[in-house]
Amino acid sequence: MPVYYHSTRDSGFTATASQAILQGLSKDGGLFVPDHIPELDKSLEELSRMDYRQVAYEVMKLLLSDFTKEELEYCISSAYDQKFDTEAIAPMRYADGAYFLELFHGRTIAFKDMALSILPYLMTVSAGKNQVKNDIVILTATSGDTGKAALAGFADVKGTRIIVFYPKNGVSAIQEKQMVTQKGDNTLVVGIHGNFDDAQTGVKKIFGDEELAKTLDQAGFQFSSANSINIGRLVPQIVYYVYAYTRLLGEGKVKAGKEINVVVPTGNFGNILAAYYAKEMGLPVHKLICASNDNKVLYDFFSTGTYDKNREFVLTTSPSMDILVSSNLERLIYKIAGEDAAQNAELMRQLSAGGVYSITDTMREGLKDFVGGCATVSETTETIRHIYEKDQYVIDPHTAVAACVYEKHVQESSDGHVTVIASTASPYKFTRSVMEAIDPASANEEDFALADRLCELSGVKIPAAVEEIRNAPVLHKTVCEKEEMTDVILKFLHID
C-alpha cells in the first residue's frame, strides 16, 4: 500500500513522499507525517545478511513509495560511497557495557551525514518527478552539525542554493570553521546574534511567509528545508537503527525478536523519533532512552507531561543539544493525540503563544516506550574520562550525555537489555571538551594542537574533515540580527 503524507496540523492535506520532501514544511506550519507506518517486509535474518546500502533500500522503499526502484537505488548508491571512511558506513564499538553505533564516519564527522548525504539526491529526483522549474533554496537553521552536513551535501548541486543560519556564539570552534570555510558558489553561511531557537524560529517564520514565497516564485526560486523537519531527513535515519539491530543479530549478540534498548542524545528529537519509527516498523525495541543535557526540557516533559520552554538557556559542552524547542516532538505529539490534527495544532499554538503546553493522561500512555534522562556538563566530562580510562575509547560530549544517562538508567532500573547508544559525532569535532576531560594539562593549547594531542592519546587518525579546515580561508563572514534574516536571503538571491 502506498504511503502518503499529511500535515500534523491539517490531516486533510495529502502529499506524496517526493512532494513532502520538496516542500519541507507544510504550508500551515505543520510537519509531514506518513498516513501509516508500514511493517518491514523482509525478515530480520534476511536483513542481517545485507550491507548498509541494501538495508537502506529495504527500509526506504516502504516509506518513499512514489520513488521507483531505480530512483531510490541511485540516491542510495550516490550517498553511501567513498564519502564515508568505512565500508560498514555505521560501524559499532562495544565499550562500558553498551554498543556505540558510530554515526560519524561521513564527510563532516557527525551523524547528520547519514541523512544529509542522501537528501540532495532525494531532492533533485523529487524535483524531476514533480516538474519543478524553480531553483530550490535550501533554508536551514543549525545548532552545529546540520549546517556543515547540509552545506557539504548541496554545495554546487545544480538547481539549488543553500543558506545556513547558526548561533554566532553557540557552536564549537571546529563546527564554526567547518561551516565558514565551505566552498561553493551556491552556499551562504550566516551567524545570527541569538541562540539556536532564535534561528529555528526565524526559519519557520520565513517558511510561513506567503508574500515572500510569491516574491521568490516570481524570481524563479522556492524554499525547502534540510532540517530534520524534512521527512527526507527522517526516513534515512530510520535505516541505521535497523542496520544496528541486524548487525547484532548477525554476530550472535541478540536472538531474532529479542528487544534491545536504544539511547539517543537528543535536542531537536528527530534522531530518537527515527528510532521510534523503526520500532513501529517492527524493530524489536524495549526502551527508547531520550538523553538530555542541562537544557532538559525533554526530560522534564517525559517526567511531567508538560512541555515548558520558559527557562534559562544553558550553553553546554554538547552544543548541538542546546535546544529548548524540539521541533520533531510535534510528530510524536500528533501520534499520541490519536492523529488529531486539531488537538495537535492547539498544543503547538499554546507553545508559540506562551511557551508551554500539557498533554492529557491518555496521551501520556502513548509515551510508555520512552525514558527520559539528563546529564550535567560535569557528569558529561566525567563520563568521557571514565570510558577513556576503562576502555581506551574516546567519545564526544553528546555521546557522553547518552552514555551517562544510560548508566543512570541501569542503576535505577536494573535493565539488562542489550543496548545501542547512538554515537552522534567524532570526538575530533569537540577536541577542547574531550581533551579537558582526558588530558586537562593540554587545555590551554589551540584547537588544532588539541586535535594532534588527541591523535597521540587515542591512536585514531585525525579525520580529513578536520585536516582540510586546519588552514582553510574563511569564506563566509556574514553576521546579522535575527530580525534581518529575510533581508540576508533576498540579498544573496539578488532579489530587490
Side-chain angles (χ1 to χ4, degrees), residues 83 106-110 112-113 116-117 119-120 123 135-203 205-207 216 219 221 223-227 315 319-320 322 425 428-432 446-448 451 463-495:
K83 290 188 289 293
R107 183 181 286 162
T108 74
I109 58 175
K112 306 296 176 71
D113 290 323
L116 283 165
S117 292
L119 183 61
M123 192 82 72
D135 279 8
I136 298 168
V137 180
I138 304 299
L139 192 61
T140 293
T142 184
S143 56
D145 287 337
T146 287
K148 175 58 182 179
L151 288 161
F154 281 94
D156 294 323
V157 172
K158 187 177 179 181
T160 70
R161 308 283 197 282
I162 177 165
I163 306 169
V164 171
F165 292 96
Y166 74 97
K168 176 59 183 166
N169 297 309
V171 301
S172 78
I174 297 290
Q175 285 177 314
E176 182 173 42
K177 192 158 188 189
Q178 280 189 304
M179 288 189 284
V180 298
T181 58
Q182 176 65 51
K183 298 177 182 178
D185 292 339
N186 66 334
T187 67
L188 177 66
V189 179
V190 184
I192 70 160
H193 294 302
N195 59 39
F196 170 73
D197 290 330
D198 294 323
Q200 180 169 253
T201 299
V203 165
K205 184 178 179 181
I206 290 167
F207 269 110
L216 260 69
F221 299 105
F223 283 133
S224 190
S225 174
N227 278 93
L315 291 174
S320 298
D322 290 346
Y428 282 101
K429 204 153 192 170
F430 303 92
T431 49
R432 186 161 302 280
E446 59 90 23
D447 288 281
F448 289 100
V466 173
E467 288 290 6
E468 68 188 17
I469 64 170
R470 190 185 288 261
N471 299 305
V474 172
L475 302 176
H476 301 272
K477 301 178 182 179
T478 305
V479 179
C480 75
E481 302 299 327
K482 57 188 177 184
E483 297 82 7
E484 298 172 335
M485 292 167 66
T486 298
D487 294 337
V488 169
I489 292 168
L490 293 174
K491 181 178 179 180
F492 176 62
L493 299 176
H494 305 292
I495 299 174

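- Closest approach of I136 to M123, counting heavy atoms only: CD1-CG, 3.9 Å.
- Taking CE of M485 as the start and CG of D198 as the end, the distance is 9.0 Å to the nearest 0.5 Å.
- Of all heavy-atom pairs spanning N227 and L139, the tightest one is OD1-O, 4.0 Å.
- Across R107 and D113, no two heavy atoms sit closer than the pair N-OD2, 3.4 Å.
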Kindly indicate, with the supporting measurements, whether the criterion side-chain contact (heavy atoms from CB on, under 4.5 Å) is fulfilled by N169 and L315. CA-CA 9 Å; N169 297 309; L315 291 174; 5.8 Å; no
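- Closest approach of H476 to V189, counting heavy atoms only: ND1-N, 3.3 Å.
- Here the closest heavy-atom approach between residue V137 and residue I163 is recorded as CG1-CD1, 4.0 Å.
- By the neighbour-count criterion of 12 heavy atoms within 6.0 Å, atom CG of D156 is densely surrounded, having more than that number from other residues, nucleotides or ligands.
- For the residue pair S320 and Q175, a side-chain donor N or O sits within less than 3.5 Å of a side-chain acceptor on the partner.
- Using a cut-off of 4.0 Å between Lys/Arg side-chain N and Asp/Glu carboxylate O, K429 and D145 are scored as salt-bridged.
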Stepwise side-chain contact (heavy atoms from CB on, under 4.5 Å) test for D135 and R161: CA-CA 7 Å; D135 279 8; R161 308 283 197 282; 2.8 Å; yes
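- How far CZ of R470 is from CG of D447: 10.5 Å, rounded to the nearest 0.5 Å.
- Contact check for F196 versus V171: no side-chain heavy atoms found under the 4.5 Å cut-off.
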V164 and F154: side-chain contact (heavy atoms from CB on, under 4.5 Å), yes or no, with the steps? CA-CA 11 Å; V164 171; F154 281 94; over 6 Å; no
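- The number of heavy atoms from other shown groups lying within 6.0 Å of NZ (K83) is above 12.
- Partners of E483 under the side chain to side chain contact (heavy atoms under 4.5 Å, CB included) rule, at least two apart in sequence or in another chain, are E481.
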Taking it one step at a time, do V203 and F223 satisfy side-chain contact (heavy atoms from CB on, under 4.5 Å)? CA-CA 10 Å; V203 165; F223 283 133; over 6 Å; no
